[in-house]
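Here the structure comes first, spelled out in structure tokens, and everything after it is commentary.
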Amino acid sequence: MMADSQSRQVVVSAQLLLLLLLGSCMVHEIEAVEYASQRVNDLETVVPPYLDSFGAPSAQVKVYYRTNSTVGKLKLGKLYDRNQTQAAPHVVIKGDAVQKNDFYTLLTVDPDARSPTNFTARNILHWMVTNIPGNIKSSQAITDVGDVIQPYAGPAPPIGTHRYIFLLFSQGYKKIEVPAPTSRALFSVRNFTTTYQLGWPLGGTLFRASFDDQ
Ligand SMILES: *[C@@H]1O[C@H](CO)[C@@H](O)[C@H](O)[C@H]1NC(C)=O
Ligand SMILES: *[C@@H]1O[C@H](CO)[C@@H](O)[C@H](O)[C@H]1NC(C)=O
Ligand SMILES: *[C@@H]1O[C@H](CO)[C@@H](O)[C@H](O)[C@H]1NC(C)=O
Ligand SMILES: *[C@@H]1O[C@H](CO)[C@@H](O)[C@H](O)[C@H]1NC(C)=O
């Protein structure tokens, strides 16, 4: 009974957390959310302002890292060893919102740089792939069919535990030309989505990695 309600809370927390994090990434100048406070009560006080501005995810972003010799689907919010997430993952995008004739952008950002409590470098851009065609097959690599604007970089958090957030945006039917950023640091998701008229993310996922794991 106890365990049951606790595990339900964990599931609810994870869902709220995704929405919260997607929201906080869009309005990424807001205060960092203390990730450790996964208690539902805490989340309830933090989530509402951002839930309002972010609709339900309408596309799934499935991320697969090759760990040792096996390929595993990323579990939302899970803490991964840095050494298991250094190579670019395979990404599958799916869902009613993914249209065959449209193009998509995938971003991976770390909002917790340099540290979760002093995020002066927010965001670090870990990956940017634009012009991913909506008719991509799940076996195809986004980097083969899209344009890699910023190559994947694995987590290297200098302090604490950081979040690595994958966000998928629709470009509509247009291809976009994005110059390669001169730096990974101080990447503004909001400025980027405004500049290229990408709107809210269609979906996303995230994992965590810690300085302390090796
Ligand atoms: C990876 O390999 C190590 C050593 O062989 C093993 O202990 C560990 O459980 C493996 N991890 C996964 C995710 O398979
Ligand atoms: C936050 O980081 C900046 C530089 O990244 C540093 O100058 C500042 O002292 C730090 N603040 C705290 C409270 O650690
Ligand atoms: C937003 O992006 C444009 C170029 O895309 C850049 O010139 C401008 O400095 C950026 N603004 C901020 C606040 O990052
Ligand atoms: C990855 O790091 C973990 C501990 O952080 C260690 O147990 C494991 O052996 C490492 N795996 C590889 C392939 O280096």
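Order of listing sets the numbers, starting from 1, for every ligand and every atom in it. Quick caveat: nothing in here was measured; it's all calculated off a predicted structure.
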Tabulation required: pairs of a nitrogen or oxygen in ligand 2 and a protein nitrogen or oxygen under 3.5 Å; columns are atom names and distance to 0.1 Å; otherwise 'none'.
from     : atom 1 : to   : atom 2 : distance (Å)
ligand 2 : 2 (O)  : N118 : ND2    : 2.3
ligand 2 : 5 (O)  : T120 : OG1    : 3.0
ligand 2 : 11 (N) : N118 : ND2    : 2.8
ligand 2 : 14 (O) : N118 : ND2    : 3.3

If you draw a 6.0 Å radius around CZ in R184, do more than 12 non-hydrogen atoms from other residues or ligands fall strictly inside? yes
Does the pair F207 and Y65 meet the rule for a ring-ring contact (aromatic ring centres under 6.0 Å, His included), with working shown? CA-CA 11 Å; F207 70 97; Y65 278 100; 5.4 Å; yes
Can you say whether the rings of H90 and Y64 are parallel (under 30°), tilted (30 to 60°) or perpendicular (over 60°)? tilted
F192 CZ to I149 CD1 distance, which is reported to the nearest 0.5 Å: 8.0 Å
Taking atom CD of Q86 as the centre, does the number of heavy atoms from other residues, nucleotides or ligands within less than 6.0 Å exceed 12? yes
Hey, could you give me the CZ/CG distance between R122 and D112, rounded to the nearest 0.5 Å? 6.5 Å
